[in-house]
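By convention in this document, chain letters (A, B, ...) are assigned in the order of the sequence lines, proteins followed by strands, and residues within each chain are numbered from 1. None of the values given here were measured: they were computed from a predicted structure.
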There are 2 protein chains.
Amino acid sequence: MTTVRTPAAARGRIDKRRAILDAAFTVFSRAGYGQACVKEIAAEAGVAKPTVYNHLTDKATLFREAMAAAAESALAADLAALEPLHEPVGGTGDGVGGDVPAALTRVARELLRRHATAEAWALRRLLHAELTQFPDLLDTVRGDGTRRLGEALADRFARLMLAGRLRAADPAVAAEQFLALLDGPLEARSAMGTRRLRKADLDALADAAVETFLRAFGPES
Amino acid sequence: MTTVRTPAAARGRIDKRRAILDAAFTVFSRAGYGQACVKEIAAEAGVAKPTVYNHLTDKATLFREAMAAAAESALAADLAALEPLHEPVGGTGDGVGGDVPAALTRVARELLRRHATAEAWALRRLLHAELTQFPDLLDTVRGDGTRRLGEALADRFARLMLAGRLRAADPAVAAEQFLALLDGPLEARSAMGTRRLRKADLDALADAAVETFLRAFGPES
DNA sequence: GCTAGCTTGAACCCATGAGTTCAAATATCT
DNA sequence: AGATATTTGAACTCATGGGTTCAAGCTAGC
């Protein structure tokens, strides 16, 4: 039964924990779960091996916690990218600036920029990779990640459809397809994240996605 | 210096080799590269462990060959699914049956059915997973796989655009986006291949993709 | 300055699994 | 049938790596 932690001591521990989780994600990204060894993670975190086991009981829980942390920060960034689609308050205000295509373009470019990140690719890869060994990652990472992004986007689209700024349709499908139009070509062009794209190429990809999306979901002529 | 193989002996060897590669893909799918052990692969193939090393020198080459074989058969299946988009010969014949939407729907449904397969998901997962450890998989699997599918599809689209059956646009982009509209929502709905979808759901997904695609790329009104 | 808990490094235990060796069995070709 | 090549099972080697232990060193709080 340890005594209640004093703030300072607790903060020291917390910092170490974060350092370990960050290092873990880095090493797992580099080597995959199977090939990554805890010793290397400890070294990357600048910490002794027993310290790692002191904070995280297992290699498995270490992996889970690292993935959860990475997913959480990725989700926050993605949700922030949706900002331009938020109507301020009244309804007909200048929320989307009266210009839906422009707002969509800003969102698309920002999302693509996020998803082209090395960390984003690492997260996707590890999720794909260890899904069979860690089925619970689907809920941890995806449930609090991609799914919530889709729902938030669908919410925005629903408002725009109701306001006649987009054609009336199933907003969930529209959101799904919008994200697909962004991420699919990104995966193809960037060779699954192994090739770095220039910003201009990313923007062109985003613009192409928005153009196709608006042809399909723009307001009825 | 082994003598030239007589057909019968060669066939026996070839059969064993295929059995080993199939078993390898099965086990790798189930466990991932790191966690899969060669002993288990040998057992799955109904073969002794030294036999495996007799045919494939390494665990690594075993993996590469198994992936290449799986990718090749997946590609063949995908290309076959594009059949309905082939104009027979003359130009204005009944190749697409005069009905582009119907042909696209058939292609979309068939492609989606293929991509929802357990083997297709396993291939995608393993590719994602071990890409950092086996960078050459990109050329082996992807170069002879997804990329060629995209190119073949772009070829079909180019013909249709030229014939005025689709709006004139960059056929490569159209192909990329068509595939994205299929695979993106599939990934979302099937929870990255962990949830099995009913055929009706798959068809609905395909139809939604085709509808959006045609709104964006259908012939100008 | 003293106590308590955290950290450290190094050594250690132990399971797993890649890859090999070898003699016996088996199938194939001539 | 006889020569040749392959397969088999079992034992073996060896490196790797997860996880633990322990004594010594730090740091924070009293």
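Within the 4.0 Å cut-off from OP1 or OP2 of dT6(D), not a single side-chain nitrogen or oxygen of H55(B) is found. Between T51(B) and the phosphate of dT7(D), there is no side-chain N or O to OP1/OP2 separation shorter than 4.0 Å.
T212(B) and Q177(A) form a side-chain donor-acceptor contact under 3.5 Å, judged by distance and modelled atom types alone.
The salt bridge (charged side-chain N to carboxylate O under 4.0 Å, His left out) check on D136(A) picks up R64(A), with sequence neighbours excluded. With sequence neighbours excluded, the residues forming a side-chain contact (heavy atoms from CB on, under 4.5 Å) with Y53(B) are V38(B), K49(B), listed by chain and number. By the side-chain contact (heavy atoms from CB on, under 4.5 Å) test, A172(B) pairs with D170(B), sequence neighbours left out. Partners of E110(A) under the salt bridge (charged side-chain N to carboxylate O under 4.0 Å, His left out) rule, at least two apart in sequence or in another chain, are R113(A), R114(A).
Cation-pi geometry between K59(A) and F28(A) is not met at under 6.0 angstrom from the ring centre and within 45 degrees of the axis.
In this structure, R17(A) atom CZ and dC6(C) atom P are separated by 14 Å, rounded to whole Å. Atom pair L62(A):CG and dG17(D):C1' shows a separation of 14 Å (rounding to whole Å applied). Regarding N54(B), its CG atom lies at a distance of 14 Å from the C1' atom of dT4(D), rounded to whole Å.
Taking all atoms of both residues into account, the shortest heavy-atom contact from F217(A) to A169(A) is CE2-CB, 3.9 Å.
Listed nucleotides: dT8(D), dC6(C), dT8(C). Nearest to the side chain of K16(B): dT8(D).
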Practice task
Summarise how protein sits on nucleotides 14-26 of chain C as a single string, 5' to 3': B when a protein heavy atom is under 4.0 Å from the base, S for sugar-phosphate-only contact, - for no contact.
Solution key: ---SSBBB-----
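By the 4.5 Å heavy-atom criterion applied to side chains, S29(A) and R125(A) are not counted as neighbours.
Taking the screw axis at each terminus of the helix from dG1(C)-dC30(D) to dT30(C)-dA1(D) from five consecutive base pairs, the angle between the two is 30° to within rounding of 10 degrees.
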